[in-house]
Q: 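The following block contains the structure, expressed as structure tokens.
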Amino acid sequence: MGGPGALPPHALTPPFLPQPLNRSDWNAPDLSYRVQWRRLGKGGGWSEETVSGPPLLVTRTPTFVPYEIKVQAVNPIGKGPEPPTVVGYSGEDVPQVNPENVGVEIFNSTSVLVSWTLPNRDQLRGHLRGFRVFYWRLGSVGERSRRQARAQPPPLVLTVEGEASWARLGGLRPWSWYRLYVVVFNGRSDGPHSEDIDFSTPEGVPSPPSSLLLERVSDTVLALEWTAPQFPNGALTEYLLQYQQVNGSELGPLHEISFPISQLNGTLARLDPRAWYRFQLRALTRAGQGEPLVQEGSTVPEPVLPTLENISVSLVGPDFTVFTWVPSRPQASVEFEIHFKSKSMAEPWRTSGQANSTHGSYRLLHLQPGTSYRVQFVGRDPSGGNVSFWESEVETNGKLLTTDQRSFATEGWFIGFICAVVLLLLLLLILCFVKRSKGGKYSVKDKEDIQVDSEARPMKDETFGEYRSLER
């Protein structure tokens, strides 16, 4: 007897397990079970064994053969009612039979019908649980054949449970080589697989083109360039371009142009200036049109902006800052503006002046010391609109003046007063210097008077000297 779950090969497994009696039905303190079994159709005596409860494992039995089984309850008083006989099987083993006559019928470009037969069912060695179809793609019909397939990818599996002789295999790729085989499985394992069958799916519609690039050439001309679909699903025959003008929520008349499969670009002329268009590009095979790649483009001029790299602040002063950059590639000279405004004050953007992309630097002047500014590089498109393509912050050096200091120091009358004081002091210094220079010089007449006085003075000195001597 076997319990729930997998059993070893050759174990006795009834189709269902008799349930143990509820304790209220024991009618005694102890209870046991008498299990009897014998090969179905062989007759003869019964084998038996008494156990306290399930499960009972019977070994050394042939693989998957039927047995008659009886389970009877026994207590110390005696045996319970005679039980019914059920049929169970010994353990399952790996099947030794494989499906035959495997065939493939094409249903459409993405699905096929697989059929088979199963002879020698006595070699199943278990209950028939179903079939499995293993399959994998070898490659595209147009790129490689089944003989050219080198690396075999991991197979996909379709499982069909129960008695079956066919299965529908879907989700295939059109225009592809496939290989498959079929196995049968029982409750233990899969059996050996059938012979490999190769088949190819017919053409289908292709996937959308991988990309579509639009470039404005002039006000009335657009250039288009595209790449082939990732999944052609057949031999491509042509590309179909459909386009119509977009006016708000309305669409204009539909125009169509076909391109040969070797052409991956084109030009549309005589378009309306400054107009928007919707484009749908499809690839075609002999099976029909594929899904479109939808994209919008216009003849509206794009902004003309310089392409700059390594933009940085190379020098900062109290009232200026210097920006430098490197043009990313050789390009024509492009003019753009430098806009700035203080971060701490509510003010609009101010324009400093024009910069040139080829000069590589610009000095922003007339800033306040110790002030943080936001700075933008602004280009101008052909329609006259401004487009900002770089922005940063910078703070000037020096001490920030207060509002009172700035207003007092910048008043006109104060500046004039300071200038007048300085000028007056300068004039006074000049007068003092001139007067001092005149006091150090003597005229000829003054010299003569000095000499006369010096000659007369001795006589007086002598008189006075004599007088002083008499007194002494």
Side-chain angles (χ1 to χ4, degrees), residues 1-101 116-132 159-167 182-194:
M1 295 291 293
L7 294 175
H10 316 303
L12 191 58
T13 58
F16 64 90
L17 295 175
Q19 297 299 318
L21 292 178
N22 294 328
R23 193 172 185 84
S24 60
D25 296 329
W26 285 14
N27 295 330
D30 297 317
L31 186 73
S32 58
Y33 298 92
R34 179 190 180 207
V35 182
Q36 297 176 289
W37 68 92
R38 68 180 179 183
R39 285 279 299 268
L40 178 65
K42 296 295 185 179
W46 293 80
S47 301
E48 69 174 64
E49 188 171 341
T50 301
V51 295
S52 59
L56 170 64
L57 183 63
V58 179
T59 59
R60 296 180 181 180
T61 60
T63 302
F64 199 67
V65 294
Y67 278 82
E68 295 179 281
I69 304 171
K70 294 190 295 184
V71 180
Q72 186 178 27
V74 180
N75 65 16
I77 304 300
K79 300 176 181 178
E82 185 69 20
T85 301
V86 297
V87 178
Y89 286 81
S90 57
E92 298 178 289
D93 208 341
V94 177
Q96 294 180 341
V97 62
N98 59 269
E100 297 181 358
N101 302 318
W116 60 85
T117 60
L118 185 65
N120 304 323
R121 286 176 175 256
D122 55 341
Q123 297 182 20
L124 274 173
R125 306 176 76 186
H127 295 287
L128 175 62
R129 298 295 176 89
F131 298 85
R132 291 190 176 97
T159 300
V160 184
E161 295 184 353
E163 292 278 355
S165 59
W166 62 272
V182 185
V183 300
V184 64
F185 66 95
N186 59 19
R188 182 165 185 84
S189 176
D190 291 350
H193 64 78
S194 66

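Since this is a predicted model, take the numbers as computed values, not measurements.
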Q: Any non-hydrogen side-chain atom of S165 less than 4.5 Å from a side-chain atom of F131?
A: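 Heavy-atom side-chain distance check fails, nothing below 4.5 Å.
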Q: Residues in side-chain hydrogen bond (donor to acceptor under 3.5 Å, both in side chains) with R121, at least two apart?
A: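 Once residues adjacent in sequence are excluded, the partners of R121 under the side-chain hydrogen bond (donor to acceptor under 3.5 Å, both in side chains) criterion are E163.
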Q: Would you name the heavy atoms of R39 and P62 that are closest together and state the gap between them?
A: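 Scanning both residues completely, I find the closest heavy atoms to be NH1-CG, 3.5 Å.
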Q: How long is the span from the CZ atom in R188 to the CG atom in D93, to the nearest 0.5 Å?
A: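 Interatomic distance, R188 CZ to D93 CG, rounded to 0.5 Å: 5.5 Å.
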Q: Using the test salt bridge (charged side-chain N to carboxylate O under 4.0 Å, His left out), find all partners of E100 that sit at least two apart in sequence or belong to another chain.
A: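 Salt bridge (charged side-chain N to carboxylate O under 4.0 Å, His left out) check on E100 returns nothing, list empty.
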Q: List in chain and number order the residues that pass side chain to side chain contact (heavy atoms under 4.5 Å, CB included) with R132, two or more places apart in sequence or in another chain; answer none if no residue qualifies.
A: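 For R132 the side chain to side chain contact (heavy atoms under 4.5 Å, CB included) partners, ignoring immediate neighbours, are F134, V157, T159, V183, F185, D190.
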Q: In Å, rounded to the nearest 0.5 Å, how long is the span from OG of S32 to CH2 of W26?
A: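 Reported to 0.5 Å precision, the distance equals 9.5 Å.
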Q: What pairs with N75 under side chain to side chain contact (heavy atoms under 4.5 Å, CB included), at least two apart in sequence or on another chain?
A: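 Residues passing side chain to side chain contact (heavy atoms under 4.5 Å, CB included) with N75: N27, A28, L31, I77.
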Q: Which atom pairs, donor and acceptor, lie under 3.5 Å between side-chain atoms of residues 49-58 and protein residues at least two apart or in another chain?
A:
none

Q: Contact between V160 and W166 at the side-chain level, heavy atoms closer than 4.5 Å - yes or no?
A: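 V160 does not reach W166 side chain to side chain.
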Q: Going through the distances and angles, do S194 and W116 end up as a side chain to side chain contact (heavy atoms under 4.5 Å, CB included)?
A: CA-CA 9 Å; S194 66; W116 60 85; over 6 Å; no
Q: Please report the shortest heavy-atom distance between S90 and V65, naming the atom on each side.
A: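 Nearest heavy atoms, S90 then V65: OG-N, 2.8 Å.
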Q: Test: salt bridge (charged side-chain N to carboxylate O under 4.0 Å, His left out). Region: residues 64-85. Which pairs qualify, not counting sequence neighbours?
A: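 Residue pairs with at least one partner in residues 64-85: R38-E68, K70-E82.
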Q: Go through N186 and L128 one step at a time and tell me if the side chain to side chain contact (heavy atoms under 4.5 Å, CB included) criterion holds.
A: CA-CA 5 Å; N186 59 19; L128 175 62; over 6 Å; no
Q: Could you check whether T117 and N101, counting side-chain N and O atoms only, form a donor-acceptor pair closer than 3.5 Å?
A: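 Indeed, the side chains of N101 and T117 share at least one donor-acceptor pair under 3.5 Å.
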Q: Given the rule in the side chain to side chain contact (heavy atoms under 4.5 Å, CB included) test, do N98 and H193 qualify, once you have shown the distances and angles that lead to the verdict?
A: CA-CA 6 Å; N98 59 269; H193 64 78; over 6 Å; no
Q: List the residues meeting side chain to side chain contact (heavy atoms under 4.5 Å, CB included) with S189, not counting sequence neighbours, and say none if there are none.
A: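 Once residues adjacent in sequence are excluded, the partners of S189 under the side chain to side chain contact (heavy atoms under 4.5 Å, CB included) criterion are V94.
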Q: Aromatic rings F64 and Y89: how do their planes relate, parallel, tilted or perpendicular, breaks at 30° and 60°?
A: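 Taking Y89 first and then F64, their aromatic rings lie parallel (interplane angle under 30°).
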Q: What closest approach, in Å, do P76 and D30 show between heavy atoms, and which atom pair accounts for it?
A: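 Of all heavy-atom pairs spanning P76 and D30, the closest is CD-O, 3.5 Å.
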Q: Over all heavy atoms of both residues, which pair between V97 and P119 is shortest? Give the atoms and the distance, please.
A: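 Taking V97 first and P119 second, the nearest heavy atoms are CG2-O, 3.0 Å.
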Q: Suppose we screen for salt bridge (charged side-chain N to carboxylate O under 4.0 Å, His left out). Which residues come up paired with R34, at least two apart in sequence or across chains?
A: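 Once residues adjacent in sequence are excluded, the partners of R34 under the salt bridge (charged side-chain N to carboxylate O under 4.0 Å, His left out) criterion are E48.
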Q: Please determine whether side chain to side chain contact (heavy atoms under 4.5 Å, CB included) holds for the pair T85 and I69, giving the CA-CA distance in whole Å, both sets of side-chain angles, and the decisive distance to 0.1 Å.
A: CA-CA 6 Å; T85 301; I69 304 171; over 6 Å; no
Q: Quick one: side chain to side chain contact (heavy atoms under 4.5 Å, CB included) partners of D122, sequence neighbours excluded?
A: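 D122: side chain to side chain contact (heavy atoms under 4.5 Å, CB included) contacts with N120.
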Q: Closer than 3.5 angstrom, by distance alone: can the side chain of Q72 be matched with the main-chain N or O of G80 as a donor-acceptor pair?
A: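 Yes, the answer is positive, given that a donor and an acceptor are paired below the 3.5 Å cut-off.
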